[in-house]
Amino acid sequence: MHDVAIVGAGPVGLLLGILLRRGGLDVVILEQRRQRSAHSRAIGIHPPALAILAKAGVAEELIASGVRIRDGVARRSGRDIAVLDFGCVPGPHPYVLAVPQVITERILEQQLRALGGRVHYGRTAQRIDDGGGRVMLEVSTCGGTTGNAGGAADRGPVEVCARLAVAADGARSTIRDLLQVPVARRCYPDTYLMGDFADTTSDGATAVLYLEPDGIVESFPLPGGIRRWVVRTPALDPRPQPDRLADLISGRTGRNVDVATNSMLSSFAVRSRRVRRMVHGRVALIGDAAHEISPIGGQGMNLGWLDAAALAPIICAALRGQDTGEQLRMFDRSRRAAAATAGWQAHLNMALGRPLRPAVLDARNSLLLPALAIPGAAAMVARRFTMH
């Protein structure tokens, strides 16, 4: 029997596995995918999360693999109208680190293996039983292997037993559904199209928000001379095309991107889901399994990492026989409160990017953006955007 079974080998599950292995626990990580996706969605790592990643022993490699975004610029009609400097945020990392998720996951999994942990791919939970003294997972095997992807023959269901279990299996969490955990859901009217192209701008390591009447356009630097573009769209595009995204970017910002260099493309709608409790007997839910928020603002992955960092020492203490009931209650309250705060920030981010008539947009900008020239106000906004 394992000490802890983690369901989900995304960034959140991998970090929790590393922290628990560093605490001397026997951990098994089960991943439904047969192989790791090469599709990068999350890219922003905020300073509080970098501090946790440093304790996990992976921050230096991530920093070396990414781009340090030290400031952001708001533009309207080709003119810079405000600058937000992250240099005022506390701590050793006064920036947002941009790293493609595929690289982040590779570095985390390498560290997990170095600590003697491993990921079992192609494993789907079909049933979960919290028997009081242990958690039993009935798991189907779907052609995955241990520690790497592909190649194994399908087998029938197997049982995985652990003293505790953690669901880090994302917004469509299988474990959450199997446990029938109540979820508060909300759908937003906002839809987006995003893609990565060769960087043809002169913006370097600066993030740019184009505040235009037809809706916001966001632009973020990535390693390797790549730039990510995110455009608010009138409706969800079910079959996105690079030239469609390029036309939207050009029409709103005047910037031209090279369609032939497109390396990632995705359209998405926005919804939120939040559980009313994150701890259910011997099973805990963290990350998007517990609280999905809008990706606008790049908080979701970081929020999950902060969950993992808060939960790991409680798990270690519990498995050493300590009474952790009050710690778990505090964990539940504090992390749900953090998710509510992040959700409010994401809601504000989306509201600022919705279409407005030009006169109304300019009036709003003239009221809000001058506050960024006030040192105290600018520092507060910078702290909010970097999750301090």
Side-chain angles (χ1 to χ4, degrees), residues 1-30 48-49 51-57 108 111-112 115-117 125 128-137 159-170 173-183 274-291 301-342 387:
M1 182 166 65
H2 302 281
D3 288 326
V4 183
I6 299 172
V7 181
V12 175
L14 289 171
L15 178 65
L16 180 62
I18 290 168
L19 296 175
L20 295 178
R21 284 297 302 153
R22 290 174 74 93
L25 299 184
D26 172 33
V27 179
V28 60
I29 301 183
L30 309 171
I52 294 165
L53 293 164
K55 293 179 180 178
L108 287 169
Q111 177 71 339
L112 178 72
L115 294 169
I128 184 168
D129 176 31
D130 181 354
R134 57 92 180 107
V135 179
M136 190 280 291
L137 289 157
E159 288 188 355
V160 176
C161 289
R163 298 166 71 187
L164 299 172
V166 179
D169 52 344
S173 172
T174 300
I175 298 300
R176 187 186 63 214
D177 290 345
L178 288 173
L179 292 173
Q180 299 182 342
V181 176
V183 180
R274 265 188 269 164
V275 299
R276 294 180 176 87
R277 283 192 297 121
M278 294 175 64
V279 180
H280 298 263
R282 288 182 170 264
V283 184
L285 282 69
I286 63 174
D288 283 356
H291 40 62
M301 179 173 66
N302 295 268
L303 195 63
W305 279 336
L306 295 171
D307 290 346
L311 183 61
I314 300 175
I315 288 176
C316 291
L319 294 183
R320 287 195 297 265
Q322 297 179 22
D323 182 358
T324 56
E326 182 58 29
Q327 293 180 58
L328 282 171
R329 285 188 286 273
M330 290 180 62
F331 164 83
D332 193 281
R333 287 195 299 268
S334 64
R335 297 314 305 156
R336 286 190 295 110
T341 298
M387 297 184 69

Any idea which heavy atoms bring A5 and A162 closest together, and the distance? N-CB, 3.5 Å

Tell me if a side-chain donor or acceptor on W305 pairs with a main-chain N or O of P11 at a distance below 3.5 Å. yes

Nearest heavy-atom approach of A317 to T324 is CB-CG2, 3.8 Å

Answer yes or no: is there a donor N or O on one side and an acceptor on the other, between the side chain of D332 and the main chain of M278, under 3.5 Å? yes

Reported CD1-to-CG distance for the pair I175 and L30, which is rounded to 0.5 angstrom: 8.5 Å

Tell me, yes or no, whether the heavy-atom count around M1 atom CE, taken from other residues, nucleotides or ligands under 6.0 Å, exceeds 12. yes

Give a yes or no answer on whether the side chain of R282 reaches the backbone of V135 with a donor-acceptor pair at less than 3.5 Å. no

Between L328 and I314, the two heavy atoms sitting closest are CD2-CG2, 3.7 Å

dist L108:CG -> I18:CD1 (nearest 0.5 Å) comes out at 4.5 Å

Step by step, work out the side chain to side chain contact (heavy atoms under 4.5 Å, CB included) result for R134 and D129. CA-CA 8 Å; R134 57 92 180 107; D129 176 31; 3.6 Å; yes

Would the number of heavy atoms belonging to other residues, nucleotides or ligands and lying under 6.0 Å from CD of E326 be above 12? yes

Decide yes or no for I128 and V7: does some side-chain heavy atom of the first lie under 4.5 Å from some side-chain heavy atom of the second? no

Only one of D26, V28, I315 forms a side-chain contact (heavy atoms from CB on, under 4.5 Å) with D3, so which one is it? D26

Below 4.5 Å, heavy atoms only, C-beta onward: do L303 and R335 meet side chain to side chain? yes

Heavy atoms of R176 and G170 approach each other most closely as NH1-O, 4.3 Å

Determine whether a donor-acceptor pair (N or O, by modelled atom type, separation under 3.5 Å) exists between the side chain of R21 and the backbone of L25. yes

Under 3.5 Å, side chain of R336 to main-chain N/O of R274, donor-acceptor pair present? no

Do the side chain of N302 and the main chain of P48 share a donor and acceptor less than 3.5 angstrom apart? no

Please walk me through it: do H291 and D307 pass side-chain hydrogen bond (donor to acceptor under 3.5 Å, both in side chains)? CA-CA 10 Å; H291 40 62; D307 290 346; 2.6 Å; yes

Taking the side chain from Q111 and the backbone from A56, do they hold a donor-acceptor pair closer than 3.5 Å? yes

Please step through side chain to side chain contact (heavy atoms under 4.5 Å, CB included) for the pair D288 and M301, ending with a clear verdict. CA-CA 8 Å; D288 283 356; M301 179 173 66; over 6 Å; no

